[in-house]
Novice: 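Quick one: this structure, given as structure tokens, is what I'll be asking you about.
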Amino acid sequence: MRQKLLLSILLLLSIVAPFAAFADSFYINPVDLELEKDAILQFNLDNDKDFYGFQAEVKLPTGIEAVKNKDGNPDITLSDRAAEGDYKVNSNIFGDKLIMTAFSGNHKPFTGKAGVLVDLKVSVAKDFTGGYVEISKIIFTDSEDKDVPFDATSAKLGVKVTGITLNETEAELKVGEAVELTAAVLPESATDKTVKWSSDNEKVAAVDANGKVTAIALGEAIITATCGAVNATCNVTVVPT
């Protein structure tokens, strides 16, 4: 009976253990960046254990560079998850890899179980077209001074939409007439250039998914083209035939 119970427990542990091994993770969420601007890449820690130090190698895609601090090293900062510890932060570049480390001088763990842990300031080049941030050799130190390796991760960085223009900003139509609106999304290298169309008064003028506006009844309507966080409008007036 005891042997069967022991076998059952071992079987259960063999099933649970692989999942437990993947409970802790260190990663960046995919994000779109604006060209020729500085940005903050946020490294998240999801953890079940308490950790009070870490080291990781980061490879940035072509067109993304780490901004240097006054000491000439990559500018990284810890979030308030490290507020309770006397953390020493260090970052260096070796070849095409950025090495960042942080350890608590008073052996205090990072607070919380999930959320942003590290901010890395980067600059985005004019010719950046997208790419992957690769995080490897991730090792966290637990409360027993044991090194816990994490799986390597990667995240896609894209190009943010910054503007949108329409071929027409004013249109006068008669009932039954139509006009084709086209949208130009900026920059040309934007990752997601999907445009969504809408009318604030569909009883007067309706617009389809391709930007074709059809006059329905007398009155006025505003047609809006939206891409990402930006939009452009066309004022449509429907007049008597």
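No experiment lies behind these values; they were computed from the predicted model shown.
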Novice: Could you check whether any side-chain N or O of Asp24 sits under 3.5 Å from a backbone N or O of Asp48, counting only pairs where one atom can act as donor and the other as acceptor?
Specialist: yes
Novice: Give the intermediate values and the outcome of side-chain contact (heavy atoms from CB on, under 4.5 Å) for residues Phe26 and Leu117.
Specialist: CA-CA 9 Å; Phe26 187 62; Leu117 180 64; 4.2 Å; yes
Novice: Taking atom types as modelled, is there a side-chain donor on Asn106 or Tyr52 under 3.5 Å from an acceptor on the other?
Specialist: no
Novice: For Tyr132, does the six-membered ring have the charged nitrogen or CZ of Lys156 within the cation-pi criterion, i.e. under 6.0 angstrom from the centroid and within 45° of the normal?
Specialist: yes
Novice: Indicate the atoms forming the closest heavy-atom contact of Ala152 with Ile138, along with that distance.
Specialist: CA-CD1, 4.3 Å
Novice: Checking Glu84 against Lys108 for the salt bridge (charged side-chain N to carboxylate O under 4.0 Å, His left out) test, could you report, in this order, the C-alpha distance in whole Å, the side-chain angles of both residues, the deciding distance, and whether it holds?
Specialist: CA-CA 6 Å; Glu84 296 181 4; Lys108 294 290 185 180; 5.9 Å; no
Novice: Same cluster or not: are Ile164 and Leu33 linked, directly or through other Ile, Leu, Val, Met, Phe, Trp or Tyr residues, by side-chain heavy atoms under 4.5 angstrom apart?
Specialist: no
Novice: Are Asp147 and Phe140 close enough that some pair of their side-chain heavy atoms sits under 4.5 Å apart?
Specialist: no
Novice: I need the single residue from Asp96, Val133, Leu98 that forms a side-chain contact (heavy atoms from CB on, under 4.5 Å) with Lys59. Which is it?
Specialist: Asp96
Novice: Report, one line per pair, each donor and acceptor closer than 3.5 Å where one atom sits in a side chain of residues 62-81; sequence neighbours left out.
Specialist:
{"from": "Asn69", "atom 1": "OD1", "to": "Asp71", "atom 2": "N", "distance (Å)": "2.9"}
{"from": "Asn69", "atom 1": "OD1", "to": "Gly72", "atom 2": "N", "distance (Å)": "3.2"}
{"from": "Asn69", "atom 1": "OD1", "to": "Asn73", "atom 2": "N", "distance (Å)": "3.0"}
{"from": "Ser79", "atom 1": "OG", "to": "Arg81", "atom 2": "N", "distance (Å)": "3.2"}
{"from": "Ser79", "atom 1": "OG", "to": "Val116", "atom 2": "O", "distance (Å)": "2.7"}
{"from": "Arg81", "atom 1": "NE", "to": "Thr111", "atom 2": "O", "distance (Å)": "2.6"}
{"from": "Arg81", "atom 1": "NH1", "to": "Leu45", "atom 2": "O", "distance (Å)": "2.8"}
{"from": "Arg81", "atom 1": "NH1", "to": "Gly115", "atom 2": "O", "distance (Å)": "3.0"}
{"from": "Arg81", "atom 1": "NH2", "to": "Asn47", "atom 2": "OD1", "distance (Å)": "2.9"}
{"from": "Arg81", "atom 1": "NH2", "to": "Thr111", "atom 2": "O", "distance (Å)": "3.2"}
{"from": "Arg81", "atom 1": "NH2", "to": "Gly112", "atom 2": "O", "distance (Å)": "3.0"}

Novice: After noting the C-alpha distance and the side-chain angles of Lys126 and Glu36, does the key distance pass the salt bridge (charged side-chain N to carboxylate O under 4.0 Å, His left out) rule?
Specialist: CA-CA 5 Å; Lys126 182 179 181 179; Glu36 298 183 275; 5.2 Å; no
Novice: Any chance you could measure Thr129, atom OG1, to Leu35, atom CG, to the nearest 0.5 Å?
Specialist: 9.5 Å
Novice: Is it true that Ile28 and Val89 fall in one hydrophobic cluster, defined by side-chain heavy atoms closer than 4.5 Å?
Specialist: yes
Novice: Report, one line per pair, each donor and acceptor closer than 3.5 Å where one atom sits in a side chain of residues 177-191; sequence neighbours left out.
Specialist:
{"from": "Glu177", "atom 1": "OE1", "to": "Lys174", "atom 2": "N", "distance (Å)": "2.8"}
{"from": "Thr191", "atom 1": "OG1", "to": "Val159", "atom 2": "N", "distance (Å)": "2.6"}

Novice: Taking the side chain as everything from C-beta on, heavy atoms only, tell me whether Lys97 gets closer than 4.5 Å to Ser136.
Specialist: yes
Novice: Nearest 0.5 Å, please: how far is CG in Leu120 from CD1 in Ile40?
Specialist: 7.5 Å
Novice: If you measure from NZ on Lys49 to OG on Ser143, what distance do you get to the nearest 0.5 Å?
Specialist: 8.5 Å
Novice: Could you give the side-chain donor-acceptor pairs of residues 206-233 under 3.5 Å, partners two or more places apart or in another chain?
Specialist:
{"from": "Asp208", "atom 1": "OD1", "to": "Asn210", "atom 2": "N", "distance (Å)": "2.9"}
{"from": "Asp208", "atom 1": "OD1", "to": "Gly211", "atom 2": "N", "distance (Å)": "3.0"}
{"from": "Asp208", "atom 1": "OD1", "to": "Lys212", "atom 2": "N", "distance (Å)": "2.9"}

Novice: Under a 4.5 Å cut-off applied to non-hydrogen side-chain atoms, are Ile99 and Ile93 in contact?
Specialist: no
Novice: For a 4.5 angstrom cut-off between non-hydrogen side-chain atoms, does Thr237 reach Val204?
Specialist: no
Novice: Should Val148 and Tyr87 be counted in the same cluster of Ile, Leu, Val, Met, Phe, Trp and Tyr side chains packed under 4.5 Å apart?
Specialist: yes
Novice: May I ask you to test the Val118-Met100 pair for a side-chain heavy-atom distance under 4.5 Å?
Specialist: yes
Novice: Looking at Thr101 and Ala56, would you say the former's side chain and the latter's main chain have a donor-acceptor pair under 3.5 Å?
Specialist: no
Novice: Crowded around Lys193 NZ? As in, over 12 foreign heavy atoms under 6.0 Å?
Specialist: yes
Novice: Using the side-chain contact (heavy atoms from CB on, under 4.5 Å) rule, pick out the option among Val236, Asn235, Val239, Val238 that qualifies with Glu172.
Specialist: Val239
Novice: Would you say Leu157 and Val31 make side-chain contact, with heavy atoms under 4.5 Å?
Specialist: yes
Novice: Check the pair Phe103 / Phe51 against ring pair (Phe, Tyr, Trp, His ring centres under 6.0 Å), numbers first and verdict last.
Specialist: CA-CA 9 Å; Phe103 288 95; Phe51 297 111; over 10 Å; no
Novice: So, Phe43 versus Tyr27, ring centres under 6.0 angstrom or not?
Specialist: no
Novice: In the structure I gave you, are the side-chain heavy atoms of Phe54 and Phe110 within less than 4.5 Å of one another anywhere?
Specialist: yes
Novice: Is there a side-chain contact between Asn29 and Gln42, using heavy atoms and a 4.5 Å cut-off?
Specialist: no
Novice: Does the side chain of Asp86 pick up a donor-acceptor pair with the side chain of His107 at under 3.5 Å?
Specialist: no
